[in-house]
Amino acid sequence: MAKTLVVVGAGPGRGMGVARAFGRHGYRVGLVARTKDRLDAQVAELAGLDIPAAAFPADIRDRDALAAALAQVTEALGPADVLDYGPGPSGPVTHAAQTTAAAATAQFDLYVLGAITAVGQILPDMLARGSGTVLITTGAAATVPTPSLANAGLAMAALRNYAQTLHAELAPLGIHTATVTMTAPPSSPTAADTIGAAYYGIHERHTPPEALIGPTGTLTPQAPPSSQSSA
């Protein structure tokens, strides 16, 4: 029976590399992003590769619209077996000294609240099955203080923390959550395909829980986060 991949934040680089990789392994693909025309072009590209795909336009910052789009994915393609959450940068990115509460909130809405909304929409079906994969992409600013990307880095660091806590809670229930840190966009379509294959490998192996991927698609597993408890 065919399985379903949902790509939230489906761009022409990394997102399409992931879509092609899973599609070549028999997955149906639901693409969620803001721009309908671009999504339609991406669906046509996947159709040319004999990969069943459909577009579901939604602004990730509009949580009601995102939830509705994901509900449409389930209705059209079936419950998500894999969620790929990786929106690209959007809105003003600020230096540390110029970051305001509004600038930080805008990025938090995109990266963190969008992820929480997406996971909340697809997780009940995964829990009912006892299987599934959640792949969450951040950038290097999630782990390396980068003054010129301050507000985005704050949000991506929070997103990374959310993904790690999901992994700790859901792994015993059969659901694998992995954080992938992209150091730069894919350097070419071939690199995007290599990156997509790396994502598929993480899904298939259910390991590692965190990885670093460079612009050529080279994957470096990261040390698993250690859980801490307070007395």
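Here the structure is a predicted model, which means the values were calculated and not measured. If you read the sequence from its start, that first residue is 1, and numbering goes on from there. What you see below is based on every heavy atom in this structure, not just the backbone, and it leaves out hydrogens, waters and symmetry mates.
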For F108, ring pair (Phe, Tyr, Trp, His ring centres under 6.0 Å) partners two or more places apart
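F108 satisfies ring pair (Phe, Tyr, Trp, His ring centres under 6.0 Å) with no residue once adjacent residues are dropped.
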Examine the side chains of H203 and Y27 and answer whether a donor and an acceptor come within less than 3.5 Å of each other.
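There is such a pair between these side chains.
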Between [X] and [Y] (side chain of the first, backbone of the second, donor and acceptor by atom type, cut-off under 3.5 Å), is there such a pair?
X: R61; Y: A106; result: yes
X: Q222; Y: T220; result: yes
X: T190; Y: S188; result: no

Check ion pair R129-D125 (N to O, under 4.0 angstrom):
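The answer is no: the pair does not qualify as a salt bridge.
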Does a side-chain heavy-atom distance below 4.5 Å link V18 with V82?
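Of all side-chain heavy-atom pairs linking V82 with V18, none is under 4.5 Å.
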For Q98, enumerate each residue passing the side chain to side chain contact (heavy atoms under 4.5 Å, CB included) test, keeping only those at least two apart in sequence or located in another chain.
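Result, side chain to side chain contact (heavy atoms under 4.5 Å, CB included) vs Q98: H95.
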Do any pairs count as a salt bridge (charged side-chain N to carboxylate O under 4.0 Å, His left out) and have a residue in residues 178-192, sequence neighbours left out, and if so which ones?
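Salt bridge (charged side-chain N to carboxylate O under 4.0 Å, His left out) check on residues 178-192 returns no pairs.
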Excluding sequence neighbours, so at least two apart, what forms salt bridge (charged side-chain N to carboxylate O under 4.0 Å, His left out) with D59?
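Result, salt bridge (charged side-chain N to carboxylate O under 4.0 Å, His left out) vs D59: none returned.
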Residues which pass salt bridge (charged side-chain N to carboxylate O under 4.0 Å, His left out) with D193, listed by chain and number, not counting sequence neighbours
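Per chain and number, D193 pairs via salt bridge (charged side-chain N to carboxylate O under 4.0 Å, His left out) with R20, R24.
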Residue pairs, two or more places apart or on separate chains, that pass side chain to side chain donor-acceptor pair (under 3.5 Å) and touch residues 169-183:
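Of all non-adjacent pairs touching residues 169-183, those that pass side chain to side chain donor-acceptor pair (under 3.5 Å) are T138-T181.
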